[in-house]
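Both ligands and their constituent atoms are indexed starting at 1 by order of listing. The chain is numbered in sequence order, starting from 1. Computed from a prediction, not measured in an experiment: that's the story for all the values here.
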Amino acid sequence: MDIIKSPEEMQRLALFLKRSGKTIGFVPTMGFLHEGHLSLMRAARGRCDLLVTSIFVNPTQFGPNEDLAAYPRDFERDEALCEGEGVDIVFYPEPASMYAADASVWVDEQALSGGLCGAARPGHFRGVCTVVAKLFNLVQPDLAVFGEKDAQQLRIIERMVRDLNFPVQIVRGPIVREPDGLAMSSRNKYLTSLQRQNALCLRQALDHAADLLEQGVSDVAVLRKGIATLIARVPEAEIDYIAFVDDASLAPVDAVEGSTLVALAVKFGSTRLIDNAVLVP
Ligand code: PAF
């Protein structure tokens with residue numbers, strides 16, 4: 001397994017590999033890998049000749065009051081996990097090599113980015129789109145795998161690829177959960193054991209919405225109240241948003257009549273967790 005730090009070297013090698021007829025699968029990450037990331041690597045592995053993973057805590061997707069400095073990092077552990085998954089190249093650049101001090105060009109998706117996490121994190125998806133576009137130019141992937149847990153991010157990247165004609169196939173990787181149902185996230189490590197227990201309400205709330213829908217409740221006001229009541233009973237759980245949106249356009253819906261994304265963001269202390277499910281009537 002090669003570790004490449006220089007963006008220029010990464011791009012030179014990727015172009016050489018492409019000219020040699022190799023297909024490249026790509027899993028971009030911010031490191032501190034968990035089973036969710038590894039499942040994305042496995043999804044890419046079988047579909048291409050070479051597997052590239054990037055580990056880059058992207059500064060431009062963090063707001064001024066967010067946890068950039070505190071974001072968990074453990075490169076040695078990540079390296080061993082990548083090795084175990086048969087990753088061929090780990091791209092591990094420094095922020096200064098990725099962004100010129102006077103960088104002034106951004107990729108700004110403007111239809112899907114405003115709501116859900118975008119409302120609470122202005123500029124976040126501009127940072128995500130910009131870094132993913134740069135990574136695509138450096139790694140030259142044929143396909144890239146993104147997790148369904150970040151449902152809004154996934155849809156925005158799909159839109160970016162469509163609208164900017166990136167020759168990259170985007171593959172959706174299903175949410176990976178702990179045995180008790182908590183969606184895997186690098187942020188779970190910030191939870192106290194009590195918060196970790198309380199955080200199970202995310203999955204329970206999504207299941208509750210699915211149960212209500214099965215019982216014939218499709219009115220979003222009723223579904224939202226059911227979820228909010230369940231979460232309100234949980235100590236320390238502070239709802240950031242409960243959203244019911246059209247699965248493709250991410251526009252809010254009043255009733256679950258077509259494929260609907262129910263997305264939650266809930267804070268436990270200072271840790272904000274997200275989870276989601278797609279409801280189909
Ligand atoms: O999902 C993530 O970990 C990040 O947003 C990504 C896609 C690696 C871009 O920095």
- Item | Ala14 to Val139 - nearest heavy-atom pair and separation | CB-O, 3.3 Å
- Query: Identify the closest protein heavy atom to atom 10 (O) of ligand 1: which residue and atom is it, and at what distance?
  - Reply: Gln61 OE1, 2.6 Å
- Nearest non-hydrogen protein atom, atom 3 (O) of ligand 1: Met30 CG, 3.6 Å
- Just by modelled atom types, is the Val90 backbone N or O under 3.5 Å from a matching donor or acceptor in the Thr53 side chain? no
- Looking at Arg45 and Asp88, does any basic side-chain N land under 4.0 Å from a carboxylate oxygen? yes
- Note: with side-chain heavy atoms under 4.5 Å as the link, the other cluster members for Phe62 come out as Met30, Val57, Leu68, Tyr71
- Val131 neighbourhood, listing ligand 1 atoms whose heavy-atom distance to it stays under 4.0 Å: 9 (C), 10 (O)
- Message: Would Gln153 count as a polar contact of ligand 1, with the cut-off being nitrogen or oxygen pairs under 3.5 Å?
- Response: yes
- Message: Enumerate the ring-ring contact (aromatic ring centres under 6.0 Å, His included) contacts for residues 164-220, please, sequence neighbours excluded, ordered by first and then second residue.
- Response: Phe136-Phe166
- Message: Just to be sure I read this right, does ligand 1 sit under 4.0 Å from the backbone of Thr29, its side chain, both, or neither, counting only heavy atoms?
- Response: backbone
